[in-house]
Amino acid sequence: MPELPEVETIARSLRPALEGRGVVSLEVRHAGAVRGGLDADMLLRSLPGRSLLAVRRRAKLMLLECSGDLILAFHLKMTGRLHLPAPEEAPDKHTHLIFHLDDGTRLFFMDVRKFGYCAAFTEAQLQAFPFYASLGPEPLDTAPEALARRLDGRRGRIKALLLDQTVLAGVGNIYADEALFRAGLRPDAPAQALSAPQKLRLMTQVREVLQEGIDCCGASIRNYVNARGDAGAFQNTFNVYGRAGQPCPRCAAPLVKVTVAGRTSTFCQECQQGGGGGAGGGGMAPG
DNA sequence: CGTGCGGCCTGAATGC
DNA sequence: TGCATTCAGGCCGCAC
């Protein structure tokens, strides 16, 4: 499930292949993959002949900036992929869009579960797109103090806020659980019970875990690979995600699983606290 | 304002 | 072996 580090990794693998290329044609094999902005028919008519100027990432969105004020925004959701196939590679049944480029290469948009989408916008339409317009700050471009302040006055469980893309952008279930472990905070801790140092430590750990994810080229859970098909390595460093029942890497107590904000959350009841207790509580050494 | 749930969608894993 | 159930979860819409 591509979160910020995975989308960033894919962007980096797409850049050398796409930037400066022209789009010759588009094949729409599943019209439902095109949503928002222009519909599939309009995109089919308007895309050919444009150049791909830049590959950008915002939150978990991949943005392909085209000539003539057109931006393709891809959300990969859980199982979406942007894939640069080998010349002989045939599209499978999950390949919904095929972009044919002027050097004879192709870009596949694939998604087994069809949650993901490609939406085409003008710059002004993108800025007005509600999901895009409401996105919070990029964690890696924002000081941890400023990120921590975005939790001030917020109620609700801390993990729900980490996953709320309007609070901060790009964190999903994996990185939320890992950051909470490193910060020594329970996922179900009430945000209003956290001290200022706890909030700051949490946001510092959010930034660290996202940066380490990028440095590892993402986490390969289930099917994630970059556009060239390479797996990431961050999954090898998980402390808690997907490890319910296994020993805590810090204290060896069995990790437990709870549901917070409708998502499975794994944490250590010994090492992760609820927020109220002493300010002295355990800070976690990373990794 | 916040919470919780169903829906979207399919394949892998699990259960009987 | 085979069929049914559960789980995975980003985001939205809705009820409370």
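Residue numbering restarts at 1 for every chain, and letters A, B, ... go by the order of the sequence lines. The structure presented is a predicted model; accordingly, all values stated were derived computationally and were not measured.
- Within residues 154-178 of chain A, the residues that place at least one heavy atom under 4.0 Å from DNA chain B are, in residue-number order, A:Arg154, A:Arg155, A:Gly156, A:Arg157.
- At least one side-chain heavy atom of A:Gln211 sits less than 4.5 Å from a side-chain heavy atom of A:Leu140.
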Please list, pair by pair, any protein nitrogen or oxygen found under 3.5 Å from a nitrogen or oxygen in nucleotides 13-16 of chain C.
none

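- Screening A:Val34, A:Leu72, A:Ile98, A:Leu44 for a side chain to side chain contact (heavy atoms under 4.5 Å, CB included) with A:Leu26, the sole residue that qualifies is A:Leu44.
- Screening residues 7-28 of chain A for ring pair (Phe, Tyr, Trp, His ring centres under 6.0 Å) gives no qualifying pairs among residues at least two apart or on separate chains.
- Under the rule for a side-chain contact (heavy atoms from CB on, under 4.5 Å), the partners of A:Val23 that lie at least two apart in sequence or sit in another chain are A:Leu47, A:Leu52, A:Leu101.
- Listed in residue order, the members of residues 131-141 of chain A having a heavy atom less than 4.0 Å from DNA chain B come to none.
- When DNA chain B is scanned 5' to 3' for any atom under 4.0 Å from a heavy atom of chain A, the first and last hits are B:dG2 to B:dG11.
- At the phosphate of C:dG10, neither OP1 nor OP2 sits under 4.0 Å from any side-chain N or O atom of A:His75.
- Every residue two or more places apart in sequence or in another chain that forms a side-chain contact (heavy atoms from CB on, under 4.5 Å) with A:Ala233 is listed here: A:Cys216, A:Asn236.
- Between A:Val240 and A:Gln272, the closest heavy-atom pair is CG1-OE1, 4.2 Å.
- Ring centers of A:Tyr117 and A:Phe74: at least 6.0 Å apart, outside the cut-off.
- On the C1' atoms, B:dA12 is 23 Å away from C:dC11, given to the nearest whole Å.
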How does DNA chain C look in dot-bracket form if you count Watson-Crick and G-U pairs under 3.5 Å, write [ ] for pairs that cross, and put | where a base pairs with another strand?
.|||||||.|||||||
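- The ring pair (Phe, Tyr, Trp, His ring centres under 6.0 Å) pairs that include a residue from residues 148-171 of chain A number zero, where partners must be two or more places apart or lie in different chains.
- Close to C:dA8, at under 4.0 Å from its OP1 or OP2, lies no side-chain N or O of A:Thr79.
- Between A:Phe121 and A:Phe129, the ring center distance clears the sub-6.0 Å criterion.
- With ring centers used as reference points, A:Phe131 lies under 6.0 Å from A:His75.
- Here the shortest heavy-atom pairing between A:Leu4 and A:Lys60 reads N-CG, 4.2 Å.
- With A:Arg106 contributing its side chain and A:Glu89 its backbone, the two residues share a donor-acceptor pair below 3.5 Å.
- Regarding A:Lys257, its NZ atom lies at a distance of 13 Å from the C1' atom of C:dG9, rounded to whole Å.
- Evaluated for a side chain to side chain contact (heavy atoms under 4.5 Å, CB included) with A:Lys199, the options A:Leu147, A:Leu185, A:Leu194 yield exactly one hit, A:Leu194.
- Each of A:Asp177, A:Val258, A:Val171 was compared with A:Lys159 under the side chain to side chain contact (heavy atoms under 4.5 Å, CB included) criterion, and only A:Asp177 meets it.
- Using a 4.5 Å cut-off on side-chain heavy atoms (C-beta onward), A:Arg81 and A:Phe108 make no contact.
- A distance of about 22 Å separates the C1' atoms of B:dT10 and C:dG13, rounded to the whole Å.
- Near DNA chain C, defined here as any heavy-atom distance below 4.0 Å, the residues from residues 113-124 of chain A are A:Arg113, A:Phe115, listed numerically.
- For an aromatic pair to be called close, the ring centres must be under 6.0 Å apart, and A:Tyr241 with A:Phe234 fails this.
- Map A:Ala261 and A:Lys93 each onto its nearest nucleotide of DNA chain B; the residue landing nearer the 5' end is A:Ala261.
- For A:Ser25, the side-chain contact (heavy atoms from CB on, under 4.5 Å) test picks out A:His100, with sequence neighbours left out.
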Donor-acceptor pairs are to be reported for all side-chain atoms of residues 9-19 of chain A against protein atoms at under 3.5 Å, with residues two or more places apart or in another chain.
from    : atom 1 : to       : atom 2 : distance (Å)
A:Thr9  : OG1    : A:Pro5   : O      : 2.7
A:Arg12 : NE     : A:Glu8   : OE2    : 3.0
A:Arg12 : NH2    : A:Glu8   : OE2    : 3.4
A:Ser13 : OG     : A:Ile10  : O      : 2.8
A:Ser13 : OG     : A:Ala227 : N      : 3.2
A:Arg15 : NE     : A:Val55  : O      : 3.0
A:Arg15 : NH2    : A:Val55  : O      : 2.8
A:Glu19 : OE2    : A:Val55  : N      : 2.9

